[in-house]
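Working notes for the structure below.
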Amino acid sequence: MLITANNTNRKSWLNVDKGSDFPIQNIPFGVFLTRDDIITIGTRIGDYAIDLGAMHQLGYFNEIPLTDDIFLQDSLNDFIADGRKTWRLVRNRIAEVFDTTNGELRDNAVHKDKIIFRMEEVEMQLPVEIGDYTDFYASKEHATNVGTLFRGADNALMPNWLHVPIGYHGRSSSIVPSGTPIRRPLGQSRPAEGESTPGFGPSKLLDFELEMAFITTDANKMGKRIKIEEAEEYIFGIVLFNDWSARDIQAWEYQPLGPFLGKNFASTISPWIVTLDALEPFRVTNPSQEPTPLPYLQLEGKNSFDINLQVGIKPKGSKETIVANSNFKYMYWTMAQQLAHHTVNGCNVRAGDMMGSGTISGPTPDSYGSMLELTWRGANPIKMDDGTERKFINDKDTVIMRAYSENEEVRIGFGECVGKIKPTKE
């Protein structure tokens with residue numbers, strides 16, 4: 001099926017500012033509360049939120065086999081479960097309706113009032129009910145940096161890292177949409193030198209982790225694996241993801257079972273899910289993998305995406321300082337490899353499950369995806385524009401992440417992923 005929604009010659013009759021993350025070629029999916037306090041599934045063009053529930057009720061999707069309530073829900077799970085054919089039909093139809101040459105909705109003032117909202121009139125929600133969340137550790141640069149910091153350069157990568165996409169199962173209940181304040185966590189930390197009793201208190205080494213995460217559809221029955229050449233058929237789209245980390249809590253607890261309280265207190269996602277279809281023009285070849293992965297992880301072609309990433313820190317009352325610029329294309333293990341590996345043992349994956357990439361770091365110091373790396377464990381503090389310094393994240397700091405793909409014809413963005421740190425509540 002042709003992805004007509006991606007036609008770069010298409011213009012919308014809605015005003016879209018130059019450089020917007022959300023041209024008519026994007027058509028992401030999300031969930032929002034309208035000005036009438038009604039929750040609905042929608043999309044976005046420019047600075048306009050579009051109520052797909054109202055569009056469906058008013059007959060704009062009559063040619064597509066959809067259930068009556070598919071967009072009248074508080075999550076995208078059922079829509080995602082319908083599969084890629086439905087996603088493409090809906091995106092193509094939205095692009096058609098909002099094309100500058102189409103007066104079907106453009107010239108109907110009554111319908112427009114029910115369907116179209118300014119972004120400031122809506123409140124974005126978590127787009128999916130996340131049943132299960134897995135976090136990978138798939139950036140070679142990040143894994144090498146962290147390994148060097150804690151084990152030395154000669155033992156930076158563990159023996160299994162180049163053979164298997166490393167991951168762990170995280171906590172889905174504390175994943176929140178962009179704009180939700182994040183409370184600094186309490187926890188245990190390593191005993192001070194000469195002491196035997198662990199420390200306890202607010203985390204002193206609170207960090208961001210620059211990640212992206214993909215959302216799956218119903219993929220396989222328990223006991224059946226997903227073949228790597230089919231994996232992308234089960235990936236609905238991608239969000240920008242800040243997997244907050246309390247480094248001091250994690251350092252004390254992670255052996256022998258891995259991350260726990262140092263990670264599960266909060267994770268922030270951008271509210272619009274950008275489909276893989278929208279990102280098709282930005283496919284790139286992933287980094288060379290040596291040694292060659294086992295056959296079930298081998299896939300030729302362009303299996304990664306050129307997505308620019310940026311992180312800024314904004315202290316209270318001051319302007320933002322950009323601290324990192326990276327790119328999703330640096331990922332060593334691709335999304336297809338992650339999903340194929342996740343299910344090779346027969347683990348079943350469901351609609352709305354989320355899988356984080358792990359921290360995305362590039363090859364240069366300014367492209368590292370965490371404060372742990374950017375400051376090299378605090379040894380090289382970052383100078384902020386207001387004159388203060390940061391080794392890690394302070395209370396009342398706001399961390400702002402951005403992501404977008406761009407070529408000469410189109411820009412496809414994710415908007416912002418924002419979280420402000422609130423002091424610990426004892």
Side-chain angles (χ1 to χ4, degrees), residues 135-153 156-157 178 182 184-185 189 203-213 240-251 254 259 262-263 265-268 270 287 307-316 318-332 356-404 414 416-421:
D135 193 31
F136 284 92
Y137 189 54
S139 163
K140 185 177 181 182
E141 288 83 0
H142 173 67
T144 300
N145 289 338
V146 174
T148 300
L149 281 167
F150 288 94
R151 294 185 298 274
L157 289 180
S178 175
I182 305 300
R184 182 179 295 272
S189 56
S203 171
K204 296 177 181 178
L205 307 181
L206 185 58
D207 203 354
F208 65 78
E209 292 192 1
L210 173 61
E211 302 191 25
M212 304 204 79
L240 187 53
F241 185 47
N242 183 354
D243 195 19
W244 302 94
S245 182
R247 301 293 182 186
D248 42 357
I249 296 173
Q250 185 177 346
Y254 82 102
K263 299 288 292 180
F265 62 95
S267 300
T268 304
S270 54
I307 305 174
N308 299 293
L309 305 171
Q310 185 182 80
V311 185
I313 298 175
K314 186 180 184 302
K316 183 180 179 181
S318 183
K319 64 180 182 178
E320 175 188 356
T321 300
I322 302 301
V323 298
N325 288 286
S326 192
N327 196 295
F328 188 60
K329 68 183 180 183
Y330 297 135
M331 295 298 298
Y332 186 88
S357 62
T359 304
I360 303 164
S361 292
T364 58
D366 62 337
S367 64
Y368 296 164
S370 67
M371 294 296 281
L372 177 69
E373 298 163 88
L374 289 165
T375 70
W376 210 246
R377 210 176 180 182
N380 305 311
I382 295 175
K383 188 93 173 227
M384 308 296 287
D385 286 348
D386 65 0
T388 62
E389 291 185 339
R390 294 292 184 280
K391 295 181 179 180
F392 289 90
I393 306 300
N394 288 357
D395 286 347
K396 302 180 182 178
D397 281 350
T398 299
V399 176
I400 305 163
M401 294 181 175
R402 301 178 182 90
Y404 67 93
F414 292 74
E416 293 184 340
C417 180
V418 178
K420 182 177 182 178
I421 299 301

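Bear in mind the structure is a predicted one, so any value in this text is a computation, not a measurement.
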OG on Ser318 to CD1 on Ile313, rounded to 0.5 Å: 11.5 Å
Any donor-acceptor pair under 3.5 Å linking the side-chain atoms of Asp207 with those of Ser245? no
Using a 4.5 Å cut-off on heavy atoms from C-beta on, say whether the side chain of Met331 contacts that of Met212. no
Do Leu309 and Leu240 have side chains that approach each other closer than 4.5 Å (heavy atoms only, starting at C-beta)? yes
Do Leu206 and Pro185 have side chains that get closer than 4.5 Å, going by heavy atoms? yes
Heavy-atom distance under 4.5 Å between the side chains of Ser267 and Asp243, does that happen here? yes
Applying side-chain contact (heavy atoms from CB on, under 4.5 Å), run through Met401 and Phe414 and close with a yes or a no. CA-CA 10 Å; Met401 294 181 175; Phe414 292 74; over 6 Å; no
Quick check on salt bridge (charged side-chain N to carboxylate O under 4.0 Å, His left out): which of Arg184, Lys204, Arg390, Lys420 does Asp395 satisfy it with? Arg184
What is the distance from atom CD1 of Ile307 to atom CD1 of Ile360, rounded to the nearest 0.5 Å? 8.0 Å
Between Thr268 and Val418, is any pair of side-chain heavy atoms under 4.5 Å apart? no
Side chain to side chain, Met371 and Phe208, heavy atoms closer than 4.5 Å: yes
Between CD of Glu209 and CH2 of Trp244, what distance do you get to the nearest 0.5 Å? 11.0 Å
Among Tyr368, Tyr137, Tyr330, find the one that has a ring-ring contact (aromatic ring centres under 6.0 Å, His included) with His142. Tyr137
side-chain contact (heavy atoms from CB on, under 4.5 Å) for Thr144 and Tyr332? Distances and angles first, verdict last. CA-CA 12 Å; Thr144 300; Tyr332 186 88; over 6 Å; no
